[in-house]
J.: 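Have a look at this one before I ask anything.
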Amino acid sequence: MSSNKSRQSKVQRKKTVMIAGGGTGGHIYPGVALATELKERGYNVVWMGSGSKLEKSILNQYPLKYEHVTAKPFRGASLIRKIVLPIDVAYGVVSALIKMLNNKPKFLITMGGYVSVTSAIAAAILKIPIHMCEQNSRCGLANKVLSVMATTIFTAYPNVFRKKSTKKIIETGNPLRKELIKRSNKKRRLKKEGQKLTVLVMGGSQGAKTLNENVPRIMKEIKSSQKIRVIHQTGGTAQIEKIIKAYKESGIEARVEKYFDDMAGIYSEVDLVIARSGALTLSELMQFELPAILVPLPGSADNHQFFNALHHERKGACWILQQEDLFREGKLEKMIDILMTGEGTLKKMKHACIKMKRENVAEKIIQACENNHE
């Protein structure tokens with residue numbers, strides 16, 4: 001009887017993988033892509049999350065087992081919160097240990113964010129291999145800590161971990177959901193002569209107040225504003241009626257919504273994007289071959305949004321517009337006018353996006369994980 005239990009335990013260990021990540025869509029959606037690939041390979045997937053509403057709203061769409069692990073952010077925390085942080089971490093590690101002992105994973109994949117820390121410490125105690133994903137061009141605080149414990153580090157950009165052994169670093173790109181990839185491979189809109197330039201404005205999963213308040217006002221100053229159509233995703237906290245009114249007053253055709261459920265469909269009908277420069281946003285823009293004007297979020301952790309955008313600008317796939325320059329009269333207008341009148345520029349940017357596109361990222365990451373544990 002005991003030998004049967006032992007064999008069952010070994011099978012369970014082979015078939016279960018845990019993914020730890022949360023906080024933002026940029027951490028969650030790449031994890032979903034990896035979870036999908038793992039399930040297609042016959043694994044059971046258990047998600048370790050912080051219990052946030054955003055995590056649950058996204059993950060409820062997928063057939064994944066969810067485990068809540070106590071985890072608190074360090075960056076931006078109050079002094080009192082930082083003082084009691086060791087207690088929170090200890091409590092979180094204990095809760096993660098219990099979850100791991102119950103599920104017996106073959107390995108853990110961390111996606112960044114504070115929930116990864118307690119999960120990885122627990123995995124290290126149990127000698128469960130840790131594979132770490134870093135989405136940005138500058139490493140986040142959690143991943144700086146975890147990089148010491150990781151068996152493998154997967155990055156989307158070069159030279160993210162300059163002082164680490166290159167033997168365990170693999171530059172793969174960011175994994176994207178298969179449904180998004182499939183839609184991107186279908187025939188997309190090609191702007192014909194005389195058609196309006198369709199511009200997508202978005203600020204990431206949380207929206208961007210600066211883009212919401214200023215882009216509608218600026219658009220009316222563009223010389224060829226009547227040749228522009230705007231699709232604007234505002235985010236959940238925006239005063240959407242004011243934004244709709246601003247576009248109407250500017251005389252610009254605009255579709256404005258808080259969220260678009262079908263982002264693949266939206267990407268497929270636009271010519272140019274004005275957006276923040278989160279890593280996942282950029283990976284999606286490259287997948288859909290979309291030129292962009294990027295407005296990095298000032299004060300993003302380690303200024304990673306600026307460095308993400310800088311890498312893409314140097315490759316010719318986008319232009320950077322610093323947020324302070326968004327308020328400078330004529331700056332954004334001039335950029336759009338150039339792109340509208342010189343279609344060769346848009347084509348060059350599109351070609352640069354094609355060259356930066358990554359293929360089969362989720363498959364490559366999971367295969368590399370498996371290769372480490374054969």
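FYI, the numbering just counts along the sequence from 1.
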J.: Flag the pair Lys242 and Glu213 as a salt bridge only when some basic side-chain nitrogen lies within less than 4.0 angstrom of an acidic carboxylate oxygen.
T.: no
J.: Of all heavy-atom pairs between Met100 and Pro105, which one has the smallest distance, and what is that distance?
T.: O-CD, 3.4 Å
J.: Could you measure the distance from the CD1 atom of Ile170 to the CD1 atom of Ile153? Nearest 0.5 Å is fine.
T.: 10.0 Å
J.: Do Glu171 and Arg358 sit within salt-bridge range, that is, some charged N less than 4.0 Å from a carboxylate O?
T.: yes
J.: Look at the side-chain heavy atoms of Ile, Leu, Val, Met, Phe, Trp and Tyr, link any pair under 4.5 Å apart, and say whether Leu108 and Leu126 land in one connected group.
T.: yes
J.: At what distance, to the nearest 0.5 angstrom, does CD of Gln305 lie from CD of Gln323?
T.: 10.0 Å
J.: Examine distances only and state if a side-chain atom of Thr155 and a backbone atom of Tyr157 form a donor-acceptor pair shorter than 3.5 Å.
T.: yes
J.: Look at Lys196 together with Asp271 and state whether they make a salt bridge at an N to O cut-off of under 4.0 Å.
T.: no
J.: Quick check on side-chain contact (heavy atoms from CB on, under 4.5 Å): which of Met349, Lys347, Lys355 does His351 satisfy it with?
T.: Lys355
J.: Between Asn143 and Ser116, does a side chain to side chain donor-acceptor pair (under 3.5 Å) hold up when you go through it step by step?
T.: CA-CA 8 Å; Asn143 278 351; Ser116 294; 5.4 Å; no
J.: In terms of hydrophobic clusters joined by side-chain contacts under 4.5 Å, are Leu197 and Leu332 together?
T.: yes
J.: For the aromatic rings, using the six-membered ring if either is Trp, is the centroid distance between Phe306 and His311 under 6.0 Å?
T.: no
J.: Do Asn308 and Thr281 touch side chain to side chain, with heavy atoms closer than 4.5 Å?
T.: no
J.: Would a single hydrophobic cluster contain both Leu97 and Ile130, if residues Ile, Leu, Val, Met, Phe, Trp and Tyr are joined by side-chain heavy-atom contacts under 4.5 Å?
T.: yes
J.: If you take all heavy atoms of Ala238 and Asn212, which pair is closest and at what distance?
T.: CB-ND2, 3.6 Å
J.: When you measure from the side chain of Ser277 to the backbone N and O of Leu294, does any donor-acceptor pair fall under 3.5 Å?
T.: no
J.: Between Glu249 and Arg217, does any NZ, NE, NH1 or NH2 come within less than 4.0 Å of an OD or OE carboxylate oxygen?
T.: no
J.: Would you name the heavy atoms of Pro216 and Ile243 that are closest together and state the gap between them?
T.: CG-CG2, 4.0 Å
J.: What is the distance from atom CD1 of Ile181 to atom CG of Asn360, rounded to the nearest 0.5 Å?
T.: 7.5 Å
J.: Is there a donor-acceptor pair closer than 3.5 Å between any side-chain N or O of Asn60 and the backbone N or O of Lys56?
T.: yes
J.: Quick one: do Val201 and Ile231 satisfy side chain to side chain contact (heavy atoms under 4.5 Å, CB included)? Show the steps, please.
T.: CA-CA 6 Å; Val201 181; Ile231 300 174; over 6 Å; no
J.: Search all heavy atoms of Ala96 against all heavy atoms of Val69 and return the closest pair with its distance.
T.: CB-CG1, 4.0 Å
J.: How close do Gly31 and Met111 get, heavy atom to heavy atom, and via which atoms?
T.: N-CE, 3.5 Å
J.: For a side chain to side chain contact (heavy atoms under 4.5 Å, CB included) check, start with the C-alpha distance between Asn174 and Leu282, then their side-chain angles and the critical distance, and finish with the verdict.
T.: CA-CA 9 Å; Asn174 285 318; Leu282 290 174; over 6 Å; no
J.: Is a donor on one side and an acceptor on the other found under 3.5 Å between the side chain of Asn372 and the backbone of Ala368?
T.: yes
J.: Salt bridge check, Arg229 against Glu269: does any charged N sit closer than 4.0 Å to a carboxylate O?
T.: yes
J.: Tell me if a side-chain donor or acceptor on Arg276 pairs with a main-chain N or O of Val295 at a distance below 3.5 Å.
T.: yes
J.: What I want to find out is whether Lys357 reaches Glu289 closely enough, with some N-O distance under 4.0 Å, to be called a salt bridge.
T.: yes
J.: Is any side-chain heavy atom of Ile244 less than 4.5 Å from a side-chain heavy atom of His232?
T.: no
J.: Any donor and acceptor pair, going by atom type alone, linking the side chain of Glu37 with main-chain N or O of Glu363 inside 3.5 Å?
T.: no
J.: With rounding to the nearest 0.5 Å, note down the distance linking CD in Glu313 to CZ in Phe307.
T.: 13.0 Å
J.: Would you call Asp302 and Lys144 a salt bridge, taking side-chain N to carboxylate O under 4.0 Å as the test?
T.: yes
J.: Any chance you could lay out the salt bridge (charged side-chain N to carboxylate O under 4.0 Å, His left out) test for Lys364 and Glu359, step after step, and finish with the verdict?
T.: CA-CA 9 Å; Lys364 288 174 182 175; Glu359 303 289 345; over 6 Å; no
J.: Distance-only, no hydrogens or angles: does the Ser300 side chain make a donor-acceptor pair with backbone N or O of Pro296 under 3.5 Å?
T.: no
J.: Counting only heavy atoms from other residues, nucleotides and ligands, does the tally under 6.0 Å from CD of Gln239 exceed 12?
T.: no
J.: Using the six-membered ring wherever Trp is involved, compare the ring planes of Tyr267 and Phe288 and label them parallel, tilted or perpendicular (cut-offs 30° and 60°).
T.: tilted
J.: Look at the side-chain heavy atoms of Ile, Leu, Val, Met, Phe, Trp and Tyr, link any pair under 4.5 Å apart, and say whether Tyr66 and Ile28 land in one connected group.
T.: yes
J.: Does this structure show an ion pair linking Glu253 with Lys227, if we count only N-O contacts that are shorter than 4.0 Å?
T.: no
J.: To the nearest 0.5 Å, what is the distance between CD1 on Ile252 and NZ on Lys248?
T.: 14.0 Å
J.: Is there a donor-acceptor pair closer than 3.5 Å between any side-chain N or O of Trp47 and the backbone N or O of Gly21?
T.: yes
J.: Quick check: does any side chain N or O of Glu55 sit under 3.5 Å from a backbone N or O of Ser50, one acting as donor and the other as acceptor?
T.: yes
J.: If you group Ile, Leu, Val, Met, Phe, Trp and Tyr by side-chain heavy-atom gaps below 4.5 Å, do Val17 and Ile98 land in one group?
T.: no
J.: Report the C-alpha distance between Gln287 and Arg183 in whole Å, list the side-chain angles of each, state the deciding distance to 0.1 Å, and finish with yes or no for side chain to side chain donor-acceptor pair (under 3.5 Å).
T.: CA-CA 10 Å; Gln287 183 65 37; Arg183 293 287 296 278; over 6 Å; no
J.: Just how far is it from atom CE of Met18 to atom CG of Leu38, taken to the nearest 0.5 Å?
T.: 13.0 Å
J.: Which atom pair, heavy atoms only, marks the closest approach of Ile58 to Gly25?
T.: CD1-CA, 4.4 Å
J.: Let's go through Thr234 and Glu257 carefully: what are the C-alpha distance in whole Å and the side-chain angles of both, what is the deciding distance for side chain to side chain donor-acceptor pair (under 3.5 Å) to 0.1 Å, and is it a yes or a no?
T.: CA-CA 6 Å; Thr234 67; Glu257 294 184 25; over 6 Å; no
J.: For Lys168 and Ser147, indicate whether the former's side chain and the latter's backbone hold a donor-acceptor pair under 3.5 Å.
T.: yes
